[in-house]
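Report on one structure; see the data block that follows.
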Amino acid sequence: MTTRLCLLVSTLLLCAPVARAEDAAELWGKSCKSCHGPDGRAQTRLGQKEAIVDMSQAAWQKAETDAELRAVIANGSSRNTKMKAYKDRLTPEQMDALVRYIRTFKAK
Ligand code: HEC
């Protein structure tokens, strides 16, 4: 019994961070990719039309704070209504995960 519980707990601990990272990627693919592209570079039709920023740019990554990104995701953009508010559709954890995911787009 104890062994089985330990096994279960250690499996959960090992898998939790991986699952979270996958969730963000999945979420991005489902809700954000159509405009921002798979890599955040916005090489999409809407991305071009609306001149969406290329999120892989180091200068952009540096200029935007996590709080700013989080606010746009939660409340939408005041500059362009195509970027909708997601606060009613996503949990706070999901929005935080998306901010971290956006950070992975930074060009090496
Ligand atoms: C229908 C198209 C569309 C979808 C879907 C979309 N966005 Fe956007 N997004 C935009 C546009 C257009 C802008 C540019 C707004 C502006 O200029 O302020 C933007 C801007 C942003 C910004 C701010 C960029 C900046 O420079 O301040 C963030 C962060 C962002 N989107 C994240 C997301 C995330 C995360 C998702 C998915 C949950 C998402 N977007 C889904 C169209 C979209």
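Here, residue 1 is the first one in the sequence, and each next residue gets the next number. Start at 1 and go down the list; that is how both ligands and their atoms are numbered.
Close approach of ligand 1 to Glu64 (heavy-atom distance below 4.0 Å) involves ligand atoms 26 (O), 27 (O). Per-residue contacts place Ile73 under 4.0 angstrom from the following atoms of ligand 1 (heavy atoms of the residue considered): 32 (C), 35 (C). In the vicinity of Ile52, heavy-atom distances shorter than 4.0 Å reach the ligand 1 atoms 10 (C), 11 (C), 12 (C), 42 (C). Per-residue contacts place Ser77 under 4.0 angstrom from the following atoms of ligand 1 (heavy atoms of the residue considered): 15 (C), 16 (C), 18 (O).
Ligand 1 has at least one atom lying under 4.0 Å from a heavy atom of Trp60. A heavy-atom separation below 4.0 Å is found between Met55 and ligand 1.
Under a cut-off of 6.0 angstrom, the local environment of CZ in Arg79 is sparse, with at most 12 non-hydrogen atoms contributed by other residues, nucleotides or ligands.
For Phe105 and Trp60, the distance between ring centers is not under 6.0 angstrom.
No part of Glu68 comes within 4.0 Å of ligand 1, judged by heavy-atom distances. Counting heavy atoms under 4.0 Å from ligand 1, residue His36 touches it through the side chain alone.
Linking ILVMFWY side-chain heavy atoms closer than 4.5 Å, directly or via other members, places Ile52 and Leu69 in two distinct hydrophobic clusters.
Residue contacts with ligand 1: Ser34 is placed with no nitrogen or oxygen under 3.5 Å of a nitrogen or oxygen of the ligand (distance criterion only).
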